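Taking it in order: structure first as structure tokens, then the write-up.
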Amino acid sequence: MVMRRPAEVFLNELGVPYEEDANPNYVVVKHASLFTSTLLSKVLSFPNVKLFNATTVEDLITRPGANGNPKETRIAGVVVNWTLVTLHHDDHSCMDPNTINAPIIVSTTGHDGPFGAFCAKRLVSMGSVDELGGMRGLDMNSAEDAIVKNTREVTKGLIIGGMELSEIDGFNRMGPTFGAMVLSGVKAAEEALKVFDERQRECAE
């Protein structure tokens, strides 16, 4: 698992060992499973974290914006269902989904695919975004910087990062490196904290 620097700062925080190559631009984790299992164990140790296994987000909960403008629609949560149910909506009887209300959603579902770029595509279909930029061809150097720097609250209540952001903004594909994906996640967390701070200030005023 190749990770471009400065992702090793996050690896040090997690306690994931890595090899430092002669190339000063990246480090190598010996297996992706070592990274993901360590990360999951750290996250799940927090008492306020829940993991929903085999669960799919199949829609967004919305609240109307000013004057009904779809571009000002606020995202207020997600609609979830069992993954197998979502995959078979066309060939079995309806099973009603559940809802999870949330003040902020972070979506990093990857580039376009069966479940990829779900929120990005949904924003277009509901009129909150005019059109997708569409992921461009592979260029690791430009893609990794763009993904990290531009991770943000795309529409009120919804932060998008990682390769899903490339579908919104038309950035390049980053290829088989994972540093920017990790650092985009860190940036998404920072953006979420910023949103909470702004809302607290607005309430105080």
Side-chain angles (χ1 to χ4, degrees), residues 43 48-52 55-83 85-86 89 94-136 142-174 180-205:
V43 171
N48 60 339
V49 169
K50 292 186 187 341
L51 173 66
F52 294 89
T55 305
T56 299
V57 171
E58 59 177 40
D59 207 351
L60 299 172
I61 299 171
T62 61
R63 297 290 179 267
N67 302 315
N69 183 350
K71 291 196 171 18
E72 294 183 20
T73 297
R74 182 170 65 84
I75 306 305
V78 292
V79 180
V80 299
N81 216 328
W82 295 113
T83 301
V85 171
T86 299
H89 275 318
C94 177
M95 181 179 284
D96 288 334
N98 289 307
T99 59
I100 301 174
N101 294 306
I104 190 85
I105 301 294
V106 176
S107 183
T108 54
T109 61
H111 55 73
D112 196 7
F115 291 111
F118 170 77
C119 288
K121 291 184 284 190
R122 192 68 182 96
L123 290 180
V124 173
S125 68
M126 68 172 65
S128 295
V129 172
D130 290 330
E131 61 181 359
L132 294 181
M135 184 177 64
R136 297 196 173 112
S142 65
E144 293 221 321
D145 290 343
I147 290 302
V148 177
K149 289 176 182 172
N150 292 283
T151 295
R152 67 190 184 282
E153 189 179 28
V154 171
T155 193
K156 199 167 181 65
L158 177 65
I159 293 169
I160 293 183
M163 290 309 294
E164 185 171 11
L165 192 66
S166 68
E167 297 288 358
I168 286 275
D169 291 342
F171 297 137
N172 293 87
R173 189 187 189 109
M174 71 175 64
M181 295 180 193
V182 167
L183 296 179
S184 177
V186 173
K187 175 85 182 298
E190 292 169 349
E191 290 296 304
L193 291 173
K194 197 185 301 181
V195 169
F196 283 125
D197 287 344
E198 286 172 2
R199 288 188 187 173
Q200 283 180 339
R201 279 198 300 272
E202 287 170 4
C203 290
E205 291 169 0

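Keep in mind the model is a prediction, meaning the values are calculated, not measured.
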- Crowded around Lys149 NZ? As in, over 12 foreign heavy atoms under 6.0 Å? no

- Nearest heavy-atom pair of Asn172 and Met163: which atoms, and what distance? O-CE, 3.8 Å

- Query: Rounded to the nearest 0.5 Å, how far does CG of Asp145 lie from CG of Leu183?
  - Reply: 10.0 Å

- Task: Specify the closest pair of heavy atoms between Pro70 and Thr73, including all atoms of both residues, with the distance to one decimal.
- Result: O-OG1, 3.0 Å

- Query: How far apart are the C-alpha atoms of Val129 and Val124, what are their side-chain angles, what is the distance that settles it, and do they pass the side-chain contact (heavy atoms from CB on, under 4.5 Å) test?
  - Reply: CA-CA 5 Å; Val129 172; Val124 173; 4.2 Å; yes

- Task: Locate the shortest heavy-atom distance separating Ile61 from Val79; write the atom from each residue and the value.
- Result: CG1-CG2, 4.0 Å

- Between the main-chain N or O of Lys121 and the side-chain N or O of Glu167, is there a donor-acceptor pair closer than 3.5 Å? no

- Query: Would you say Ser184's side chain and Val148's backbone share a donor-acceptor pair under 3.5 angstrom?
  - Reply: no

- Message: Quick check on side chain to side chain contact (heavy atoms under 4.5 Å, CB included): which of Val154, Val106, Leu165 does Ile159 satisfy it with?
- Response: Val106

- Message: Would Arg152 and Ile168 count as a side-chain contact (heavy atoms from CB on, under 4.5 Å) here? Give the steps.
- Response: CA-CA 11 Å; Arg152 67 190 184 282; Ile168 286 275; 4.2 Å; yes

- In terms of heavy-atom contacts, does CG of Asn48 have more than 12 from other residues, nucleotides or ligands at under 6.0 Å? yes

- Item | Between CG on residue Leu158 and CD1 on residue Ile104, distance to nearest 0.5 Å | 7.5 Å

- Of all the heavy-atom pairs spanning Met181 and Met174, show the shortest one and how long it is. CE-SD, 3.6 Å

- Query: Less than 4.5 Å apart, any side-chain heavy atom of Thr56 and any of Trp82?
  - Reply: no

- Query: Any idea which heavy atoms bring Ile147 and Thr151 closest together, and the distance?
  - Reply: O-OG1, 2.7 Å

- Value rounded to 0.5 Å, distance of CD1 in Ile75 from NZ in Lys156: 11.5 Å

- Any side-chain heavy atom of Asn81 sitting closer than 4.5 Å to one from Thr55? no

- Could you go step by step and tell me if Asn150 and Phe171 meet the side-chain contact (heavy atoms from CB on, under 4.5 Å) rule? CA-CA 10 Å; Asn150 292 283; Phe171 297 137; 3.4 Å; yes

- Message: Given 3.5 Å as the limit, does a donor-acceptor pair link the side chain of Glu191 with the main chain of Val195, or not?
- Response: no

- Message: Looking at every heavy atom in both Cys119 and Ser107, which two are closest together, and how far apart are they?
- Response: SG-OG, 3.4 Å

- Message: Could you go through Val57 and Ile105, starting from their C-alpha distance and side-chain angles, then the distance that decides it, and tell me whether this counts as side-chain contact (heavy atoms from CB on, under 4.5 Å)?
- Response: CA-CA 11 Å; Val57 171; Ile105 301 294; over 6 Å; no

- Task: Give a yes or no on this: more than 12 heavy atoms of other residues, nucleotides or ligands lie within 6.0 Å of atom CZ of Arg199.
- Result: yes

- In plain terms, say whether Glu190 and Lys187 are close enough for a salt bridge, that is, a side-chain N and a carboxylate O under 4.0 Å apart. no

- Answer yes or no: is there a side-chain heavy-atom contact under 4.5 Å between Met126 and Leu60? yes

- Please check if the side chain of Ser128 supplies one atom and the backbone of Lys71 the other of a donor-acceptor pair under 3.5 Å. no

